[in-house]
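Right, one structure below, let's go through it.
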Number of protein chains: 2
Amino acid sequence: MTQTVWAALADPHRRDVLDLLAAEELSVGELVTRLSLTQPQTSKHLRVLRDAGLVRVRQRGQHRIYAVEPESLSELDSWLATYRRLWSRHLDRLGEHLEQTPQGDS
Amino acid sequence: MTQTVWAALADPHRRDVLDLLAAEELSVGELVTRLSLTQPQTSKHLRVLRDAGLVRVRQRGQHRIYAVEPESLSELDSWLATYRRLWSRHLDRLGEHLEQTPQGDS
DNA sequence: CCAACATATGCCTTGACAGGCATATACGGT
DNA sequence: ACCGTATATGCCTGTCAAGGCATATGTTGG
């Protein structure tokens, strides 16, 4: 399950796809153009991303419009939380914690 | 490179290693015990994590103590920032006051 | 130096995955 | 229904990484 998300993100091309979709919804053809990937390549990457729940698709005319499914990344975010505490603690010691912390500091 | 970090994190065993090290520094032998991996397996995973800058090692007697290097994950965190904005915006549309409620039971 | 322990590495096999190419399927217009 | 466009999938191949096993390297103490 979660493994699917990690595996999907392991591929640079798929992260490129996500990054484009984060800005705007795009059809497969538009993705192909912007990424200079082949069309089958793109479709396959989209398949993986879809199976991982990272993108969703809808039909518009004869195009399939892909959009990012950002909540699927929240689990990655919560996994990171542990480490974020660690490195921000480290930054604290350097007195460089510029951003305000939502929760009170440790 | 960033790719190294993503590739390193793609493996479940390596994430397990990191999760253990996030709690406390451990020697290789202790990792082997807790993860029920073989020793060479563990050493190889540690090698990958080290090359990715995710852990650091120091010698203590005849043991090698591994510790997590949390700042290496900050780039992953900043990558996530884009998507975090997206999904929190989505949550906003569902009613942002829900997260202020202690128990948002269904 | 030798012994015993702890850890790293080399070799090999196997399985997973990406890319290329051909082709199948779906949709819209006529 | 036919055609062109858009997208998906199947097959094949090369590559790469993980696991198993044996062994090398490094460390401590005698």
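Naming: A, B, ... by sequence-line order, numbering from 1 per chain. Remember, predicted model here, so these are calculated numbers, not experimental data. No hydrogens, no waters, no symmetry mates; every other heavy atom, side chains included, goes into these values.
- The listed nucleotides are dA8(D), dC21(D), dG20(D); the one nearest the side chain of Q41(B) is dG20(D).
- Look at CZ on R50(A): it is 11 Å from C1' on dT9(D), rounded to the nearest Å.
- Atom pair D16(B):CG and dA18(D):P shows a separation of 14 Å (rounding to whole Å applied).
- Here the P atom of nucleotide dT9(C) and the CG atom of D51(B) are 9 Å apart, to the nearest Å.
- Contact check on E71(B) versus R56(B) returns no salt bridge, with no Lys/Arg side-chain nitrogen under 4.0 Å from an Asp/Glu carboxylate oxygen.
- Among the nucleotides dA18(D), dG19(C), dT7(C), the one closest to the side chain of H45(B) is dA18(D).
- Rounded to whole Å, atom P of dC17(C) lies 14 Å from atom CG of L49(A).
- Counting distance only, with no hydrogens placed and no angle test, the side-chain atoms of Q62(B) and the base atoms of dT28(D) include no donor-acceptor pair under 3.5 Å.
- Q39(A) comes within contact range of at least one nucleobase, with a heavy-atom separation under 4.0 Å.
- Closest contact between the side chain of R47(A) and the listed nucleotides dT9(D), dC21(D), dA6(D) involves dT9(D).
- Judged purely by distance below 3.5 Å, without hydrogens or angles, the side chains of S78(A) and E75(A) never pair a donor atom with an acceptor atom.
- As a whole-Å value, the separation of Q3(B) CD from dC16(D) P is 13 Å.
- Of the side-chain N and O atoms in H63(B), one or more sit less than 4.0 angstrom from OP1 or OP2 of dT7(C).
- The aromatic rings of W6(B) and W6(A) sit tilted relative to each other, their planes meeting at an angle between 30° and 60°.
- No contact: R60(A) has no heavy atom under 4.0 Å from any strand.
- In this structure, CG of L31(A) is placed 14 Å from P of dA6(D), rounded to the nearest angstrom.
- For the pair E25(B) and R58(B), the salt-bridge criterion is met [side-chain N within less than 4.0 Å of a carboxylate O].
- Residue contacts for S27(B): at a heavy-atom cut-off of 4.0 Å it reaches the sugar-phosphate backbone alone, with no base atom in range.
- Put simply, CD1 on I65(B) is 12 Å from C1' on dT7(C), counting in whole angstrom units.
- Candidate nucleotides dA8(C), dG19(D), dC11(D) were compared by shortest atom distance to the side chain of K44(A), and dC11(D) ranks first.
- Side-chain nitrogen and oxygen atoms of Y66(B) include none within less than 4.0 Å of the OP1 or OP2 phosphate oxygen of dA6(C).
- Across all strands shown, T38(A) has heavy atoms under 4.0 Å from sugar-phosphate atoms exclusively, and none from any base.
- Using a cut-off of 4.0 Å between Lys/Arg side-chain N and Asp/Glu carboxylate O, D11(B) and R15(B) are scored as not salt-bridged.
- The separation between L46(B) atom CG and dT7(C) atom P is 10 Å, rounded to whole Å.
- At the phosphate of dA26(C), neither OP1 nor OP2 sits under 4.0 Å from any side-chain N or O atom of R64(A).
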